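Right, one structure below, let's go through it.
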There are 2 protein chains.
Amino acid sequence: MKRPISQNQDRPISLKTLAEHLGLSPATVSLVVNNAPGAKSIALKTRERVLAAAKKFEYKPNFLARSLRTRQTFTIGVIVPEFSEGYFTMVMNGVEEHLLQTGYLHLVVSHQGRPDLIDEYPRLLTERAVDGFLLVNTLLRAPLDVPVVSISGHKKMRGVCNAMLDHDHSAQLALQHLYDLGHRDIAFMKGQPHALDSESRWQSILQFAEKIGIRIRPELCVHIRTNSWSPELGYPVVRDLLASRRDFTAIFCFNDIAAIGAIRAIVDAGLRCPQDISVVGFDDISSAAYHTPSLTTIRQPLRRMGEMAAQLLVKRIQHPHEPYPDTIMFEPELMIRESTGLVRQQRKSTRQKPPVE
Amino acid sequence: MKRPISQNQDRPISLKTLAEHLGLSPATVSLVVNNAPGAKSIALKTRERVLAAAKKFEYKPNFLARSLRTRQTFTIGVIVPEFSEGYFTMVMNGVEEHLLQTGYLHLVVSHQGRPDLIDEYPRLLTERAVDGFLLVNTLLRAPLDVPVVSISGHKKMRGVCNAMLDHDHSAQLALQHLYDLGHRDIAFMKGQPHALDSESRWQSILQFAEKIGIRIRPELCVHIRTNSWSPELGYPVVRDLLASRRDFTAIFCFNDIAAIGAIRAIVDAGLRCPQDISVVGFDDISSAAYHTPSLTTIRQPLRRMGEMAAQLLVKRIQHPHEPYPDTIMFEPELMIRESTGLVRQQRKSTRQKPPVE
DNA sequence: CTGAGTTGTGAAGCCGTATGAAAAATATAA
DNA sequence: TTATATTTTTCATACGGCTTCACAACTCAG
């Protein structure tokens with residue numbers, strides 16, 4: 001019953017063709033090549049024959065056809081605010097590592113903080129039948145009907161697991177460190193409005209500041225304005241702050257990138273970091289340790305966060321009905337480097353002077 | 001003939017159901033919703049009826065089924081060495097922008113320079129039926145049977161378009177700049193072996209150096225060793241170089257990230273940049289301008305390169321039989337900032353001394 | 001009645017998966 | 001030995017949802 005197969009056809013061999021060649025039905029071949037539960041009722045000899053032929057003709061099941069039938073694409077959608085340096089790349093390294101181990105690929109889109117895209121992309125990806133979503137620093141407005149894991153999402157949504165940093169602890173580490181160095185007049189840089197971490201971290205800061213008796217002065221609190229993801233983040237706000245007043249000895253930046261911009265602004269204002277102003281960053285991106293001065297910063301285990309989030313997502317996809325935690329908390333770590341130092345008496349005295357106008 | 005449709009079914013409505021409800025055949029509905037050429041043979045009134053119903057029932061064609069049929073997935077595979085800061089993010093920003101305008105999404109994988117993955121990933125993505133490939137700094141060993149556009153690929157492969165920087169020009173800009181500042185003893189940092197730019201750029205350097213009479217001394221040429229993508233890239237090699245000799249006044253780094261590491265090594269060795277050693281970077285990543293000292297560097301229009309590469313790829317996918325250029329050349333730009341300066345007589349004198357042991 | 005529009009459709013794909021049941025082989029009962 | 005039950009092995013067939021193209025049905029002018 002064997003019919004010769006021309007191996008040099010342009011398209012890869014299909015299940016049907018292979019079955020014909022073997023004198024079996026597609027059903028049988030399908031069972032065998034998938035090693036499906038039903039395959040154990042196929043004679044061992046037949047199984048071997050099928051597998052040998054599949055190998056010989058390099059049979060690869062068509063992904064689309066299979067996905068169409070099984071409603072699984074082994075693809076997840078990743079939604080991020082932007083392809084930023086530091087944060088994004090570190091998280092994605094972790095995500096990719098885990099996904100590829102488990103046979104998933106991912107489609108990435110960046111919404112740039114634009115509400116229209118935040119609504120549009122989930123639709124687009126749902127159309128593509130992704131098996132699940134990984135949200136990075138992104139808050140969706142409508143629920144999705146596949147598993148979702150969110151990194152730094154902060155808002156609780158039904159069915160969405162959230163992997164996040166312990167912000168209370170972060171605030172504590174940073175503030176206590178500055179406090180111990182003698183800083184009492186601290187400026188704070190908050191994130192962009194759409195940076196989800198920002199508000200929650202800010203609350204933690206307020207709380208801990210009160211606890212150890214650091215007074216938070218509104219005039220020393222600035223917001224990142226630009227939407228770009230470069231040291232531009234921090235530069236203009238700190239430059240402007242320094243132009244109007246110098247009655248602070250330290251600044252706690254929203255992230256390392258902004259901290260680099262802040263340091264530049266400090267230098268450009270003729271001051272020195274840390275001698276005149278100490279700077280604390282956030283994230284511990286890879287260049288933080290190599291910057292001059294190297295950055296004292298709160299490290300987020302970003303790679304690990306990506307990895308764990310991906311792991312949880314895949315589990316939820318594969319076993320949807322088991323119970324899952326709705327939060328995974330990660331612990332920050334204080335990396336003490338050169339950008340923070342003891343308050344100098346000399347600088348402290350500045351505090352007494354009226355702000356530069 | 002209208003049959004009521006239960007709108008609250010769990011699965012989205014299918015073409016067939018919609019057709020039944022309209023009392024038309026799936027074929028007709030398909031023609032209309034796709035606005036296919038054949039649709040003009042459908043009465044205007046019918047067309048409107050179909051579109052109205054499609055809208056009402058929120059009909060969305062099933063992507064998988066359609067792709068299965070048309071053999072188009074509107075998905076491209078992007079293969080990069082690593083999710084690196086700087087280079088990768090900037091290129092991808094450009095790529096994403098263009099792809100999303102044209103309705104394509106992309107699957108990204110990073111091979112980390114591992115040969116097994118470089119072979120494996122194209123297969124994996126081909127199985128997923130991507131419509132084309134975008135290679136970033138990656139050289140494939142086997143040809144692919146879909147359109148491919150490569151960024152900084154350098155090796156000519158049949159049917160692969162290559163978007164690349166004019167390395168002759170880059171070398172000229174950097175060396176002439178250093179030359180004009182009086183530098184004659186220049187150290188060079190080459191990229192990792194798998195960094196495709198490295199060799200080609202090096203040849204350009206050799207050539208131009210000879211032309212203007214800069215002697216390239218092998219003992220001043222170092223290689224990036226680690227595979228990581230952080231300032232670690234540059235730090236150890238420069239540290240070691242400085243430990244063994246100090247008879248150079250400038251160093252031309254493989255990229256900005258490495259340059260940041262290099263500057264750190266210079267500082268840690270008790271020297272100053274640029275007063276003692278000038279540093280030239282490459283790429284002009286976003287933090288280059290904010291580093292202290294800010295980086296003199298050769299700017300690559302990375303975002304634009306990504307954009308153009310994506311554009312060309314999409315064109316090639318959609319019109320495969322037209323002729324296309326096999327190279328798109330981009331021009332570098334010299335960004336003069338603080339990390340380079342005039343050779344000081346004082347330093348130059350060091351040159352006469354024997355190297356530090 | 002013929003030829004030329006106009007409007008629409010039937011049915012064959014695309015390539016697998018899943019399920020109930022048939023066919024073949026073997027075992028058990030009468 | 002024949003009939004019946006049981007197990008083993010395999011298959012027919014109905015999807016999944018959409019595209020495509022040759023052709024059908026109808027209308028209308030000439």
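Chain A is the first sequence line, chain B the second, and so forth, proteins listed ahead of strands; every chain is numbered from 1. Quick caveat: nothing in here was measured; it's all calculated off a predicted structure.
- Every residue meeting the salt bridge (Lys or Arg N to Asp or Glu O under 4.0 Å) condition with R123(B), not counting sequence neighbours, appears here in chain and number order: E120(B).
- Atom CD of Q72(B) is separated from atom P of dC14(C) by 17 Å (rounded to the nearest Å).
- Not counting sequence neighbours, E48(A) has no partner by the salt bridge (Lys or Arg N to Asp or Glu O under 4.0 Å) test.
- A straight line from CG of L15(B) to C1' of dT9(C) spans 13 Å, rounded to a whole angstrom.
- For residues 90-104 of chain B, the set of pairs meeting the salt bridge (Lys or Arg N to Asp or Glu O under 4.0 Å) definition, not counting sequence neighbours, comprises E97(B)-R303(B).
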What N/O pairs connect the protein and nucleotides 20-24 of chain C at under 3.5 Å? Give each pair on its own line.
none

Under 3.5 Å, which donor-acceptor pairs do the side chains of residues 313-322 of chain A form with other protein atoms, sequence neighbours left out?
unit_1  : atom_1 : unit_2  : atom_2 : d
R316(A) : NH1    : V148(A) : O      : 3.0
R316(A) : NH1    : G159(A) : O      : 2.8
R316(A) : NH2    : G159(A) : O      : 2.8

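- The span of DNA chain D lying next to chain A, judged by atoms under 4.0 Å from heavy atoms, is bounded 5' to 3' by dT9(D) to dG17(D).
- If you take CG on N137(A) and CZ on F88(A), they are separated by 12.0 Å, rounding to the nearest 0.5 Å.
- If you measure from atom CG of L22(B) to atom P of dG8(C), you get 12 Å, rounded to the nearest angstrom.
- Between the side chains of Y87(B) and S152(B), at least one donor N or O sits under 3.5 Å from an acceptor N or O.
- The stretch residues 25-39 of chain A participates, sequence neighbours left out, in no salt bridge (Lys or Arg N to Asp or Glu O under 4.0 Å) pair at all.
- In terms of modelled atom types and a separation under 3.5 Å, the side chain of S30(A) and the main chain of P26(A) share no donor-acceptor contact.
- Take R141(A) and apply the salt bridge (Lys or Arg N to Asp or Glu O under 4.0 Å) test, not counting sequence neighbours, and it matches D119(A).
- Residues meeting the salt bridge (Lys or Arg N to Asp or Glu O under 4.0 Å) test with D326(A), sequence neighbours left out: none.
- Here the P atom of nucleotide dT6(C) and the CG atom of L31(B) are 17 Å apart, to the nearest Å.
- Listed by first and then second residue, the salt bridge (Lys or Arg N to Asp or Glu O under 4.0 Å) pairs involving residues 24-37 of chain A amount to none (not counting sequence neighbours).
- Within 4.0 Å of L24(B), counting heavy atoms only, lie sugar-phosphate atoms of the nucleic acid but no base atom.
- For N162(B) (side chain) and T327(B) (main-chain N/O), no donor-acceptor pair under 3.5 Å exists by modelled atom type.
- Below 30°, between 30° and 60°, or above 60°: for Y104(A) and F74(A) the angle between ring planes is between 30° and 60°, a tilted geometry.
- For the segment residues 59-68 of chain A, the set of residues with a heavy atom within less than 4.0 Å of an atom of DNA chain D comprises A65(A), L68(A), in numerical order.
- Of the residues in residues 33-47 of chain A, those lying under 4.0 Å from DNA chain D by heavy-atom distance are S41(A), I42(A), A43(A), T46(A).
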